[in-house]
Amino acid sequence: MSEMLTIRAVTREDYQRWLPLWDGYNAFYGRSGATALAPEVTAITWSRFFDAYEPVHAVVAESDGELLGLAHYLFHRTTTTIAPLCYLNDLFTADAARGKGAGRALIEAVYDAARRAGSPRVYWQTHETNAVAQALYDKVAERSGFIVYRKAL
């Protein structure tokens, strides 16, 4: 990255540059080809970033006019705090940006947004096989010890 890395809110004009990152993120987690998200899921996800009534937000990492990473986060209520918690829903960097600080910068941007919103905590999850990301996460957060259960309905 020859220019300084910038972290900023996504804009409507970013769609064509955001989409390959979104597709890469989904492919990483096995959502491509026959298992790809339906196009309407991507369309709704994108629209939520610009809807003032939605608690979903997006930031991107940019260098030399190229988007190198994304982070999507949301705020939600919980029964254990008054202020909403911040959930880092999606984090992804392009191969060219890995190991160069983009992921850490995106996480820090989410931390800053959560602080501004008065959120007492940011949390996220990753797949147990995502060792590369965990090496970063172990430096910028603590493991909660919780195990995620789910059931498709």
Side-chain angles (χ1 to χ4, degrees), residues 1 4-15 17-31 37 41-63 66-153:
M1 292 184 286
M4 191 156 128
L5 184 71
T6 302
I7 306 297
R8 62 172 176 78
V10 73
T11 67
R12 291 182 191 277
E13 292 75 28
D14 290 325
Y15 182 77
R17 297 183 305 148
W18 167 87
L19 188 58
L21 293 168
W22 175 241
D23 289 344
Y25 171 76
N26 283 300
F28 180 83
Y29 283 109
R31 296 183 296 262
L37 293 177
V41 173
T42 293
I44 290 294
T45 296
W46 180 255
S47 71
R48 286 177 175 158
F49 303 145
F50 307 101
D51 184 339
Y53 293 103
E54 287 283 351
V56 183
H57 308 276
V59 291
V60 290
E62 183 176 34
S63 180
E66 181 180 358
L67 296 189
L68 299 175
L70 60 77
H72 305 148
Y73 60 98
L74 58 96
F75 295 99
H76 68 87
R77 296 185 191 282
T78 181
T79 59
T80 58
T81 66
I82 294 171
L85 297 183
C86 181
Y87 178 60
L88 175 52
N89 202 125
D90 311 312
L91 177 68
F92 183 76
T93 60
D95 287 340
R98 301 234 168 95
K100 298 179 180 175
R104 179 187 292 262
L106 287 161
I107 291 169
E108 291 293 338
V110 173
Y111 287 170
D112 289 344
R115 282 185 200 98
R116 286 191 307 273
S119 181
R121 180 170 57 240
V122 175
Y123 72 102
W124 64 93
Q125 57 187 333
T126 192
H127 196 272
E128 64 188 11
T129 61
N130 194 355
V132 173
Q134 289 176 50
L136 168 61
Y137 301 162
D138 288 341
K139 294 174 186 169
V140 299
E142 63 184 42
R143 290 184 188 222
S144 68
F146 281 86
I147 299 170
V148 176
Y149 289 87
R150 66 181 182 189
K151 175 159 177 59
L153 302 176

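All residue numbers in this chain count up from 1 along the given sequence. If you're wondering where the values come from, they're calculated on a predicted model, not measured in any experiment.
- The environment of Arg121 atom CZ is sparse: at most 12 non-hydrogen atoms of other residues, nucleotides or ligands sit within 6.0 angstrom.
- Side-chain contact between Tyr73 and Val122 is absent, with no heavy atoms from C-beta onward closer than 4.5 Å.
- Under the side chain to side chain contact (heavy atoms under 4.5 Å, CB included) criterion, Arg77 pairs with no residue at all, not counting sequence neighbours.
- Listed by first and then second residue, the ring pair (Phe, Tyr, Trp, His ring centres under 6.0 Å) pairs that reach into residues 101-122 come to none, sequence neighbours excluded.
- Counting all heavy atoms, side chain and backbone alike, Ala71 lies closest to Leu88 at CB-CD1, 4.0 Å.
- Not counting sequence neighbours, Asp23 has no partner by the salt bridge (Lys or Arg N to Asp or Glu O under 4.0 Å) test.
- Of all the heavy atoms in Pro84 and Pro120, the pair that sits closest is O-CD, 3.5 Å.
- Residues forming a salt bridge (Lys or Arg N to Asp or Glu O under 4.0 Å) with Arg104 (at least two apart in sequence, or on another chain): none.
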Side chain to side chain contact (heavy atoms under 4.5 Å, CB included) for Val10 and Phe50? Distances and angles first, verdict last. CA-CA 9 Å; Val10 73; Phe50 307 101; 4.0 Å; yes
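- Checked against the 6.0 Å centroid threshold, Tyr87 and Tyr123 count as a close aromatic pair.
- Checking side-chain atoms of Ser63 against main-chain N and O of Leu5 turns up no donor-acceptor pair under 3.5 Å.
- Residues passing the side chain to side chain contact (heavy atoms under 4.5 Å, CB included) test with Asp90 are Trp22, Tyr25, Leu70, His72, sequence neighbours excluded.
- Nearest heavy atom pair, residue Phe75 against residue Cys86, reads CE2-CB, 3.7 Å.
- In terms of the side chain to side chain contact (heavy atoms under 4.5 Å, CB included) criterion, Pro20 has no residue partners (sequence neighbours excluded).
- Note that CG of Leu74 is 8.0 Å distant from NE2 of His57, once rounded to the nearest 0.5 Å.
- Residues passing the side-chain hydrogen bond (donor to acceptor under 3.5 Å, both in side chains) test with Glu13 are Thr11, sequence neighbours excluded.
- Every residue two or more places apart in sequence or in another chain that forms a ring-ring contact (aromatic ring centres under 6.0 Å, His included) with Tyr15 is listed here: Trp18, Trp46.
- Applying the side chain to side chain contact (heavy atoms under 4.5 Å, CB included) test to Thr126 and every residue at least two apart in sequence or in another chain returns Tyr29, Asn130, Gln134, Tyr137.
- For the pair Thr42 and Leu19, the minimum side-chain heavy-atom distance is below 4.5 Å.
- Residues Asp14 and Ala9 come closest through the heavy atom pair OD2-O, 4.4 Å.
- To the nearest 0.5 angstrom, His76 atom NE2 is 6.5 Å from Thr78 atom OG1.
- With sequence neighbours excluded, no residue forms a side-chain hydrogen bond (donor to acceptor under 3.5 Å, both in side chains) with Asp51.
- Proximity of Leu67 to Arg8: side-chain heavy atoms (C-beta onward) are separated by under 4.5 Å at one or more points.
- Summarising the geometry, atom CD1 belonging to Ile44 is positioned 12.5 Å from atom CG belonging to Leu37; distances are rounded to the nearest 0.5 Å.
- In this structure, the side chain of Thr93 does not engage the main chain of Ala102 through any donor-acceptor pair within 3.5 Å.
- Shown here are the salt bridge (Lys or Arg N to Asp or Glu O under 4.0 Å) partners of Glu54, two or more places apart in sequence or in another chain: Arg48.
- By the salt bridge (Lys or Arg N to Asp or Glu O under 4.0 Å) test, Asp138 is found to be paired with Arg143, residues two or more places apart in sequence or in another chain being considered.
- In terms of heavy atoms, Gly103 sits closest to Leu136 at C-CD2, 3.9 Å.
- Scanning all heavy atoms of the two residues, the minimum distance from Ala61 to Leu106 falls at N-CD2, 3.8 Å.
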